[in-house]
Amino acid sequence: MEAVGEVDVLCCHIPPAVPELLYDVVARRFERGSEATLELIRRTQPRYALFGHVHQPLHRRTRIGRTECVNVGHFRGRGVPYVLEW
C-alpha cells in the first residue's frame, strides 16, 4: 500500500479493516479486511475507496474522514452496478 501514495480514487479487492464493512449478512461471519488499506485511507484521505470481497455486506458504504468507502462488488446480488459520478 505504501507504493500507491496519494490518489483520488483507491480501488482494491479487500475492504479497509472497519467491522461494519467486513460482516457478510448471508454468510453470517466477518470477512478479512486490510489494516494497510485503512491506514492509507486515514493518512492520505482519497476522495473514494472502492472495493469488493464481502458479497452481502452489513453496510455497503461508510466514511473514514473525507473518504467515501463503497463496496462496489455486491452488484450481482442487487442487480444494480455502482456508478461513480465525479
Side-chain angles (χ1 to χ4, degrees):
M1 293 308 296
E2 283 299 316
V4 173
E6 292 188 26
V7 295
D8 291 321
V9 180
L10 175 65
C11 298
C12 51
H13 179 76
I14 297 175
V18 177
E20 58 267 23
L21 298 175
L22 303 180
Y23 190 76
D24 189 310
V25 297
V26 173
R28 290 195 245 162
R29 68 174 183 238
F30 283 95
E31 297 292 345
R32 185 172 159 227
S34 172
E35 290 290 338
T37 300
L38 177 59
E39 184 55 37
L40 181 70
I41 290 169
R42 286 181 174 154
R43 187 170 41 80
T44 64
Q45 295 289 292
R47 193 166 174 185
Y48 294 94
L50 309 177
F51 51 87
H53 188 64
V54 181
H55 295 188
Q56 300 296 324
L58 180 61
H59 295 279
R60 66 181 198 93
R61 65 186 330 138
T62 194
R63 272 200 178 273
I64 300 172
R66 73 176 199 107
T67 303
E68 182 74 20
C69 300
V70 185
N71 182 325
V72 298
H74 67 286
F75 69 91
R76 201 160 83 192
R78 295 181 63 230
V80 179
Y82 179 76
V83 177
L84 178 62
E85 294 189 25
W86 202 258

Any idea which heavy atoms bring P46 and T67 closest together, and the distance? O-OG1, 2.6 Å
Separation of E39 CD from T44 OG1 (nearest 0.5 Å): 9.5 Å
In Å, rounded to the nearest 0.5 Å, how long is the span from CD of E68 to CZ of R47? 11.0 Å
Do other residues, nucleotides or ligands put more than 12 heavy atoms under 6.0 Å from R63 CZ? yes
Treat each ILVMFWY residue as a node, draw an edge where side-chain heavy atoms are under 4.5 Å apart, and state whether V26 and F30 are in one component. yes
Mind listing the closest non-hydrogen atom pair of Y82 and R61 along with its distance? OH-NH2, 3.8 Å
Report yes or no: do V4 and I64 belong to one cluster of Ile/Leu/Val/Met/Phe/Trp/Tyr joined by side chain heavy-atom distances under 4.5 Å? yes
Crowding at CZ, R32 (>12 non-hydrogen neighbours, <6.0 Å): no
With a 4.5 Å cut-off on side-chain heavy-atom distances among I, L, V, M, F, W and Y, is there a chain of contacts connecting Y23 to V18? no
Tell me whether L58 is reachable from F51 by hopping between hydrophobic residues (I, L, V, M, F, W, Y) whose side-chain heavy atoms are closer than 4.5 Å. no
As an exercise, state the distance from CD of E6 to CD of Q45, rounded to the nearest 0.5 Å. 10.0 Å
Decide if atom CZ of R42 counts as having more than 12 heavy atoms of other residues, nucleotides or ligands within a radius under 6.0 Å. no
Roughly how far, to the nearest 0.5 Å, is the CG atom of D24 from the NE2 atom of H53? 9.0 Å
Any chance you could measure L40, atom CG, to E35, atom CD, to the nearest 0.5 Å? 13.0 Å
So, the side chain of N71 versus the backbone of V54: is there a donor-acceptor pair under 3.5 Å, distance only? yes
Would you name the heavy atoms of P15 and L22 that are closest together and state the gap between them? CG-CD2, 3.5 Å
In the structure I gave you, are the side-chain heavy atoms of T62 and L21 within less than 4.5 Å of one another anywhere? yes
What are the two closest non-hydrogen atoms of I41 and C69, and how far apart are they? CD1-SG, 4.2 Å
